[in-house]
Chemist: 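Let me give you the structure first, and then I'll get to my questions.
Naming convention: chains lettered A, B, ... in sequence-line order (proteins, then strands); numbering from 1 in each chain. Worth knowing before you read on, the calculation uses all heavy atoms, side chains too, and leaves out hydrogens, waters and symmetry mates.
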Amino acid sequence: MLRNVTNDRSIHRHKSSDLWQRCTNVRLLKQIHASMLVNGFNSNASALREFIFASAVTISCTIDYAHQVFAFITQPDTFMWNTIIRGSARSGNPFNAISLYNQMESQYFKPDCFTFPYLFKACTKLCWAKMGFGIHGKVVKFGFESNKFVRNALIHFHANCGDLSVAAALFDQSEETKTDVVAWSALTAGYARRGNLGIARKLFDRMPERDLVSWNVMITGYAKQGEMECARKLFDEVPRRDVVTWNAVIAGYVSCGSNTKALEMFEEMRNVGEQPDEVTMLSLLSACTGQGDLEIGQKIHSSILEKGSRNLSILLGNSLIDMYAKCGNIQRALEVFDGMMNKDVSTWNSAIGGLAFHGHAEESITLFQDMLRSKIKPNEITFVGVLVACSHAGNVEEGKRYFNLMRSEYKIEPNIKHYGCMVDILGRAGLLNEAFEFVETMAIDPNAIVWRTLLGACRIHGDVELGQRANEQLLRMKTNESGDYVLLSNIFASHGEWSGAEKVRKSMDDNGLMKEAGFSLIESNNNMFVNQFLFDSKVNKSINILEGKDVS
DNA sequence: ATAGGGTTAG
């Protein structure tokens with residue numbers, strides 16, 4: 001069979017031979033590659049075309065292999081260039097599409113009308129508006145602006161991350177466009193994504209015709225903006241559904257916190273026989289993580305494994321690590337981590353953060369050092385995990401060291417979460433004065449969470465005076481979270497200053513704040529934990545774990 | 001061979 005690749009040229013005249021259609025996995029791909037090398041790799045252009053197409057487009061996750069092989073092609077034709085650019089554009093590193101195009105130009109290859117849609121796909125994915133404008137210039141230069149595929153790609157780019165008014169102008173310019181459902185959908189998606197659901201809906205209602213994608217665009221638009229009632233209404237009306245339609249509503253429910261609803265929708269999806277895909281699984285894992293539902297999470301994990309792909313995709317692996325860590329099974333999280341063939345910065349982040357939030361501070365830091373050794377560049381999220389680890393370990397010096405390293409070595413400007421972690425580290429250690437000084441000299445304005453962290457630290461260390469100061473700042477921010485009052489009154493109460501506690505309670509009533517029923521105002525630390533956990537979950541999911549631990 | 005819809009991490 002393999003000999004056919006290079007010896008029997010006749011099979012390559014057809015669009016896609018049997019051999020290539022059956023080439024759907026890496027092993028076969030490598031076998032064919034080997035036989036091509038034996039027979040003179042660059043001697044058969046149509047085999048090269050098929051090979052690049054299979055490795056860059058047909059088979060998922062072999063784009064790196066495609067790049068390596070492409071580098072050995074002595075005279076790639078335009079089709080090969082387009083194909084490798086196409087595969088890169090939809091890969092995890094769309095930037096490669098742009099750099100390949102630059103190579104193509106520098107070798108005096110002219111782009112054709114196939115090249116540009118892929119380039120705009122890459123720009124849109126990267127949200128590189130400037131690059132997209134530049135490529136728009138090239139479209140004009142090469143005279144492809146009137147090609148309908150190129151124009152639709154342009155409309156899609158401008159609508160989603162370029163200039164919406166340019167998208168609208170392109171749309172209006174041509175009569176042909178006005179009857180093109182793809183152009184209508186692209187423009188609608190742009191308005192929806194940028195939050196203008198009103199205009200999106202008007203476009204949707206006025207479309208000369210609607211296909212499945214137009215419905216999906218509108219449903220997704222509503223779901224993303226949290227308008228689940230509207231999304232659901234359209235979902236019920238839609239004449240036909242595919243996996244994307246289901247994914248849109250499932251993801252919508254997850255993002256507005258209705259995890260149970262999302263899982264129910266999945267049940268329904270299975271009942272009507274729609275096959276879930278990777279995106280479905282990602283949303284479901286996210287729902288389990290939000291619910292803390294380890295049991296369903298494990299079921300999803302097994303069904304992903306049953307589906308059989310040899311190794312997990314990076315995205316699924318990352319989600320699984322996160323799910324296991326957040327649902328309390330850090331062991332399984334690490335097993336998934338160890339089993340992943342390919343890891344990206346998020347993979348490391350999920351594991352480092354998972355360990356850190358679980359109090360395995362040392363392992364977390366060790367993993368961070370492994371990460372640096374394997375030459376993966378940490379990002380700002382990595383350092384949130386690292387600083388959380390330092391805070392759990394009570395390691396002030398190390399925390400300060402990493403906080404500085406982040407800026408000096410990796411040029412990452414600390415964000416409010418990093419500052420929050422530092423305040424927590426200092427506060428936990430009882431360095432309250434230093435913590436206050438730190439907050440006062442921060443490069444950005446402290447938020448309510450920072451003040452609340454300080455307030456929590458003051459409670460632990462029984463500093464009534466500083467606690468009041470933090471509380472004043474907190475009140476100045478008018479967050480009116482009754483949890484803050486609970487904390488402060490607890491400080492007073494734990495020091496026998498019952499009148500102070502009474503006063504706080506009074507001011508709470510005056511502000512019309514009610515504590516949630518079922519919890520007493522001043523009680524055991526246990527209840528405090530529950531209270532704070534509840535209140536902060538409305539403010540910031542990630543920090544509240546920190547603060548929850550603070551009080552417990 | 002081309003365009004429009006879906007996704008993780010803090």
Chemist: With the threshold set at under 4.0 Å for non-hydrogen atoms, list the residues of residues 194-217 of chain A touching DNA chain B in residue-number order.
Modeler: A:D211, A:V213, A:N216, A:V217
Chemist: Check the phosphate of B:dA9 against A:K326, side-chain N and O only, distance under 4.0 Å to OP1 or OP2. Yes or no?
Modeler: no
Chemist: Closest approach to the side chain of A:A189, judged atom by atom: which nucleotide of B:dT2, B:dG5, B:dG10 is it?
Modeler: B:dG5
Chemist: Whole angstroms only, please: what is the CD1-C1' distance between A:I381 and B:dT8?
Modeler: 10 Å
Chemist: Go through the N and O atoms of the side chain of A:S350 and the base of B:dA9, and report whether any donor-acceptor pair is under 3.5 Å.
Modeler: no
Chemist: Between the side-chain atoms of A:N82 and the base atoms of B:dA1, is any donor-acceptor pair under 3.5 Å?
Modeler: yes
Chemist: Run the ring-ring contact (aromatic ring centres under 6.0 Å, His included) test against A:Y324 and tell me which residues pass, sequence neighbours left out.
Modeler: A:H301
Chemist: Got a list of side-chain donor-acceptor pairs under 3.5 Å for residues 200-209 of chain A, not counting sequence neighbours?
Modeler:
| unit_1 | atom_1 | unit_2 | atom_2 | d |
| --- | --- | --- | --- | --- |
| A:R201 | NE | A:D205 | OD1 | 3.1 |
| A:R201 | NE | A:D205 | OD2 | 3.4 |
| A:R201 | NH1 | A:Y222 | OH | 3.1 |

Chemist: Check the distance between B:dT8's C1' and A:N318's CG and give it to me in whole angstrom.
Modeler: 6 Å
Chemist: Holding to side-chain contact (heavy atoms from CB on, under 4.5 Å), I want the full list of residues that pass it with A:F70, two or more places apart in sequence or in another chain.
Modeler: A:I52, A:I73, A:P76, A:M80, A:W81, A:I84, A:L100
Chemist: Would you say A:H156 reaches B:dA3's phosphate, i.e. side-chain N/O to OP1/OP2 under 4.0 Å?
Modeler: no
Chemist: Which of these nucleotides, B:dG5, B:dT8, B:dT7, is closest to any side-chain atom of A:S346?
Modeler: B:dT8
Chemist: What residues form a ring-ring contact (aromatic ring centres under 6.0 Å, His included) with A:F337, not counting sequence neighbours?
Modeler: A:W348
Chemist: Under the rule for ring-ring contact (aromatic ring centres under 6.0 Å, His included), what residues qualify as partners of A:F171, not counting sequence neighbours?
Modeler: A:W184
Chemist: For DNA chain B, find the residues of residues 162-184 of chain A with a heavy-atom distance under 4.0 Å and give them by number; none if there aren't any.
Modeler: A:D180, A:V181, A:V182
Chemist: Can you check the A:F157 CZ to B:dG5 P distance for me, whole Å?
Modeler: 14 Å
Chemist: Within residues 145-154 of chain A, find the residues that approach DNA chain B with a heavy atom at under 4.0 Å, and present them sorted by residue number.
Modeler: A:F149, A:N152
Chemist: Per the salt bridge (Lys or Arg N to Asp or Glu O under 4.0 Å) rule, what does the pair list look like for residues 240-257 of chain A, sequence neighbours excluded?
Modeler: none
Chemist: Assert yes or no for the condition that the ring centre distance of A:F235 to A:W246 is strictly below 6.0 Å.
Modeler: yes
Chemist: Would you tell me if any nitrogen or oxygen in the side chain of A:K224 comes within less than 4.0 Å of OP1 or OP2 on B:dT7?
Modeler: yes
Chemist: Can you figure out which of B:dG10, B:dG5, B:dT7 approaches the side chain of A:D242 most closely?
Modeler: B:dG5
Chemist: Quick one: label A:F116 by what it contacts on the DNA or RNA (base, sugar-phosphate, nothing), any heavy atom closer than 4.0 Å.
Modeler: nothing
Chemist: I need the CH2-P distance between A:W348 and B:dT8, as an integer number of Å.
Modeler: 23 Å
Chemist: Ring centres under 6.0 Å, that's the criterion: do A:F403 and A:Y419 meet it?
Modeler: yes
Chemist: Supply the atom-to-atom distance A:L285 CG to A:I321 CD1, rounded to the nearest 0.5 angstrom.
Modeler: 11.5 Å
Chemist: Kindly say whether A:D163 contributes a backbone atom to a donor-acceptor pair with the side chain of A:H158 at under 3.5 angstrom?
Modeler: yes
Chemist: Taking only residues at least two apart or on different chains, which pairs with a member in residues 139-150 of chain A satisfy side chain to side chain donor-acceptor pair (under 3.5 Å)?
Modeler: A:H136-A:E145
Chemist: With respect to the side chain of A:V244, which nucleotide from B:dG10, B:dT8, B:dG5 is positioned closest?
Modeler: B:dG5
Chemist: Expressed in angstrom and rounded to an integer, what is the separation of A:Y222 atom OH from B:dG5 atom P?
Modeler: 18 Å
Chemist: In whole angstrom, what separates A:M269's CE from B:dT7's C1'?
Modeler: 13 Å
Chemist: Between A:K121 (NZ) and B:dA3 (P), how many Å, whole number?
Modeler: 6 Å
Chemist: Does the ring of A:F53 lie flat against the base of B:dA1, closer than 5.5 Å centre to centre with planes under 30°?
Modeler: no
Chemist: Rounded to the Å, how far apart are A:L315 CG and B:dG10 P?
Modeler: 13 Å
Chemist: Heavy atoms only, 4.0 Å cut-off, all strands: where does A:S319 land among base, sugar-phosphate and nothing?
Modeler: sugar-phosphate
Chemist: Who passes side-chain contact (heavy atoms from CB on, under 4.5 Å) against A:I365, sequence neighbours left out?
Modeler: A:Q369, A:V386, A:A389, A:C390, A:E398, A:Y402
Chemist: What pairs with A:Y101 under ring-ring contact (aromatic ring centres under 6.0 Å, His included), at least two apart in sequence or on another chain?
Modeler: none
